[in-house]
Amino acid sequence: MTNLLSEEKSLPQKISEDIITLILEENLQPGDKLPNETILSERLNAGRSSVREAMKLLASRNIVTIRQGSGTYIASSPGMVDDPLGFTFIGNKQKLINDLLEVRFLLEPTIAAMAATRADKKDIKKITALCDEVEDLLKKHENHTQKDIDFHAAIALSSKNVVVPRLVPVINSSIPLFVETTRGTLLDETIETHREIADAIAAHDPLRAQDAMYLHLVYNRKRIQMIKKDSE
């Protein structure tokens, strides 16, 4: 009896894996609509209630988005959740900021170098436009956090490495913390280093891009250390 129950419980999980296989085989893209429940039930040889439960599992993993009355669609960033590494539950935010910065030193200079080597004209145009937008917001003393996130995400995408953009949540989650911690005092340094990063990528100069990103992170580290020292 126990084995039967465990098999029944695992059935939606098995069906969810079958649906993922279907998504991959049919090369469905973010925003594409999945076949309805009846069609999926027939194709997967499964009951509609099991398919429904499988869809809920996929929705919890951010693979699909269920829209009531409309249907089920591929999520905008399939499989990527807002806080994949559980940073929300790390209580010591100062420790988290320092440790995230260490990881960014390991990742981002190399990512910038890859972007400089592989970015096409469209990538460069986007990176340059975001650089301009961040600079404009900083000069107006307006919130630039989201555009800063978009700038670093655009660089990651320009690396043309399929894994790198999936590391972006690590970088993204740190930017609001850095902006808050540095209290917006790195205005000139952010403008200067962002511009140098964008120009280096546009010039397809990987070493220059790597150095510029490293310097950008050095400015952040120095400011965070100064604030920490002042608060002690």
Side-chain angles (χ1 to χ4, degrees), residues 1-91 96 99-100 103-104 107-108 111 114-115 118 120 122-123 126 130 145-177:
M1 187 70 179
T2 307
N3 286 341
L4 277 172
L5 283 171
S6 63
E7 281 177 19
E8 284 173 12
K9 283 182 181 179
S10 67
L11 186 59
Q13 192 169 0
K14 181 185 178 300
I15 294 168
S16 71
E17 288 167 5
D18 291 340
I19 294 169
I20 290 170
T21 301
L22 184 146
I23 291 167
L24 294 171
E25 285 176 351
E26 300 202 357
N27 196 27
L28 296 178
Q29 300 300 308
D32 286 351
K33 189 175 182 179
L34 280 159
N36 66 35
E37 209 173 82
T38 305
I39 294 169
L40 281 175
S41 295
E42 290 172 359
R43 288 183 64 172
L44 301 173
N45 194 26
R48 288 179 64 177
S49 62
S50 296
V51 170
R52 203 174 301 126
E53 289 304 311
M55 283 301 185
K56 287 178 184 176
L57 283 173
L58 293 175
S60 72
R61 293 168 60 190
N62 195 39
I63 293 168
V64 302
T65 302
I66 300 168
R67 299 177 195 164
Q68 294 298 328
S70 175
T72 304
Y73 299 80
I74 307 298
S76 57
S77 301
M80 292 179 68
V81 292
D82 288 340
D83 185 19
L85 303 180
F87 292 147
T88 303
F89 299 96
I90 296 175
L96 176 60
D99 289 359
L100 277 168
V103 174
R104 287 185 69 182
L107 296 174
E108 285 201 87
I111 291 170
M114 290 163 70
R118 300 169 182 172
D120 57 31
K122 188 178 175 183
D123 296 324
K126 184 171 185 179
L130 285 165
T145 305
Q146 187 55 53
K147 291 297 178 184
D148 201 326
I149 287 169
D150 293 344
F151 175 75
H152 286 272
I155 292 167
L157 285 166
S158 299
S159 72
K160 309 300 182 190
N161 179 301
V162 295
V163 177
V164 165
R166 284 161 171 75
L167 299 175
V168 166
V170 177
I171 298 163
N172 287 359
S173 58
S174 70
I175 289 171
L177 289 169

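Predicted model only: the values in this text are computed from it and were never measured.
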| note | Sorted by chain and number, sequence neighbours left out, side chain to side chain donor-acceptor pair (under 3.5 Å) with K147 holds for E133
| task | Quick one: closest heavy-atom pair of P30 and A75, and the distance? | result | CB-O, 3.3 Å
| Residues in side chain to side chain donor-acceptor pair (under 3.5 Å) contact with S50, at least two apart in sequence or another chain | none
| task | Can you measure from CG (D123) to CZ (R118) and round to the nearest 0.5 angstrom? | result | 12.0 Å
| said: If I take atom CG from residue D18 and atom NZ from residue K14, how far apart are they, to the nearest 0.5 angstrom? | reply: 4.5 Å
Below 3.5 Å, can you tabulate the donor-acceptor pairs from side chains in residues 21-29 to any protein atom, sequence neighbours excluded?
{"from": "T21", "atom 1": "OG1", "to": "E17", "atom 2": "O", "distance (Å)": "3.0"}
{"from": "E26", "atom 1": "OE2", "to": "R43", "atom 2": "NH1", "distance (Å)": "3.1"}
{"from": "E26", "atom 1": "OE2", "to": "R43", "atom 2": "NH2", "distance (Å)": "2.6"}
{"from": "N27", "atom 1": "OD1", "to": "Q29", "atom 2": "NE2", "distance (Å)": "2.9"}
{"from": "Q29", "atom 1": "NE2", "to": "N27", "atom 2": "O", "distance (Å)": "3.2"}

| message | To check you understand the geometry: which heavy-atom pair defines the closest contact between P12 and A54, and what is its length? | response | O-CB, 3.3 Å
| field | Neighbour count above 12 (heavy atom, 6.0 Å) for N45 CG | value | no
| Looking at CE of M55 and CD1 of I66, how far apart are the two atoms once the value is rounded to the nearest 0.5 Å? | 7.0 Å
| Roughly how far, to the nearest 0.5 Å, is the CZ atom of R104 from the CD1 atom of I111? | 9.5 Å
| field | Minimum-distance pair of heavy atoms, taken over all atoms of I74 and P78 | value | CG2-CG, 3.7 Å
| message | Quick check: closest heavy atoms across V162 and R166, and the distance to 0.1 Å? | response | O-NH1, 3.1 Å
| What's the shortest heavy-atom distance between P35 and L40, and which atoms? | O-CD1, 3.4 Å
| query | By side chain to side chain donor-acceptor pair (under 3.5 Å), which residues pair with D99, not counting sequence neighbours? | reply | K95
| Any pair counted as ring-ring contact (aromatic ring centres under 6.0 Å, His included), so long as it reaches residues 149-168, sequence neighbours left out | F151-H194, H152-H194, H152-H216
| request: Verify the neighbour count for atom NZ of K160: are there more than 12 heavy atoms of other residues, nucleotides or ligands below 6.0 Å? | output: yes
| request: Please report the shortest heavy-atom distance between A115 and I155, naming the atom on each side. | output: CB-O, 3.6 Å
| Separation of L58 CG from E53 CD (nearest 0.5 Å) | 11.5 Å
| said: Just verifying a value: how many Å separate I90 CD1 and L96 CG, rounded to the nearest 0.5 Å? | reply: 5.0 Å
| query | What residues, two or more places apart in sequence or in another chain, satisfy side chain to side chain donor-acceptor pair (under 3.5 Å) together with E37? | reply | R48, R52
